[in-house]
Amino acid sequence: MDIQFCSKITLRQKIGLSNSTFKKYRNSGVWLEGIHWQRLNTRSVRYNLPLILDWVANRNAPEVHQIAIENYLRSLPSNQKKYSRNNS
């Protein structure tokens with residue numbers, strides 16, 4: 001999965017929802033912090049565009065969206081297999 005974070009302006013252009021709807025989804029737990037969005041500081045939030053687009057496409061099939069979340073988490077550098085010199 002290609003990881004691409006975007007601003008609320010870009011997200012609004014892509015999915016056509018309002019900033020207040022984004023905030024509602026964040027605050028209610030529909031979109032999960034660290035998964036669907038990241039807080040960079042007290043005033044800046046970035047959204048995981050591929051995962052949110054997947055969520056839009058699979059709103060009625062949460063088990064399918066869960067697979068996308070698991071794939072995203074596996075793709076993070078922190079979850080990559082670490083190789084030692086002896087295992088190369």
Side-chain angles (χ1 to χ4, degrees):
M1 172 179 286
D2 183 32
I3 302 170
Q4 179 182 357
F5 289 92
C6 68
S7 68
K8 64 183 174 187
I9 295 166
T10 301
L11 187 61
R12 188 174 62 235
Q13 292 169 344
K14 295 287 185 183
I15 65 173
L17 297 175
S18 69
N19 296 341
S20 62
T21 300
F22 302 157
K23 187 174 184 177
K24 179 180 81 171
Y25 287 161
R26 288 193 329 261
N27 291 338
S28 67
V30 171
W31 290 348
L32 304 173
E33 185 171 7
I35 304 291
H36 297 98
W37 61 279
Q38 300 285 341
R39 185 181 319 275
L40 299 180
N41 57 45
T42 58
R43 297 180 51 128
S44 185
V45 170
R46 292 295 179 263
Y47 297 91
N48 186 328
L49 183 58
L51 266 187
I52 290 180
L53 292 175
D54 184 85
W55 175 84
V56 169
N58 294 300
R59 285 184 69 176
N60 296 323
E63 65 283 355
V64 175
H65 181 60
Q66 183 61 38
I67 293 168
I69 291 173
E70 291 166 7
N71 289 337
Y72 162 70
L73 292 173
R74 275 194 298 274
S75 74
L76 292 174
S78 58
N79 289 329
Q80 299 305 303
K81 192 173 193 176
K82 296 180 179 48
Y83 292 96
S84 68
R85 287 184 177 175
N86 297 334
N87 292 342
S88 36

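With sequence neighbours excluded, the residues forming a side-chain contact (heavy atoms from CB on, under 4.5 Å) with Arg74 are Glu70, Asn71, listed by chain and number. Not a single side-chain contact (heavy atoms from CB on, under 4.5 Å) links Asn60 to another residue, sequence neighbours left out. Remark: His36 pairs with His65 by the side-chain hydrogen bond (donor to acceptor under 3.5 Å, both in side chains) rule, at least two apart or across chains. Residues satisfying the side-chain hydrogen bond (donor to acceptor under 3.5 Å, both in side chains) criterion with Arg39, sequence neighbours excluded, are absent altogether. With sequence neighbours left out, Arg46 forms a side-chain hydrogen bond (donor to acceptor under 3.5 Å, both in side chains) with Ser44. Shown here are the side-chain contact (heavy atoms from CB on, under 4.5 Å) partners of Ser20, two or more places apart in sequence or in another chain: Ser18. For Lys24, there are no side-chain contact (heavy atoms from CB on, under 4.5 Å) partners, not counting sequence neighbours.
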Does the side chain to side chain contact (heavy atoms under 4.5 Å, CB included) test come out yes or no for Arg12 and Asn19, once each step is laid out?
CA-CA 7 Å; Arg12 188 174 62 235; Asn19 296 341; 3.0 Å; yes
Run the side chain to side chain contact (heavy atoms under 4.5 Å, CB included) check on Ile69 and Asp54 step by step: do they pass?
CA-CA 9 Å; Ile69 291 173; Asp54 184 85; over 6 Å; no
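Through direct or relayed side-chain contacts under 4.5 Å between Ile, Leu, Val, Met, Phe, Trp and Tyr, Leu53 connects to Leu11, Ile15, Leu17, Phe22, Tyr25, Val30, Trp31, Trp37, Val45, Tyr47, Leu49, Ile52, Trp55, Val56. Here Ile9 sits alone; no ILVMFWY side chain lies under 4.5 Å from its own, so it joins no hydrophobic cluster.
Rounding to the nearest 0.5 Å gives a distance of 9.0 Å between CG of Asn48 and CD of Gln4.
Tyr72 and Ile67 fall into different hydrophobic clusters, where Ile, Leu, Val, Met, Phe, Trp and Tyr residues are linked whenever their side-chain heavy atoms come under 4.5 Å apart, directly or through other members. Side-chain heavy atoms closer than 4.5 Å link hydrophobic residues (I, L, V, M, F, W, Y) into clusters, and following such links, possibly through other members, connects Phe5 to Leu32.
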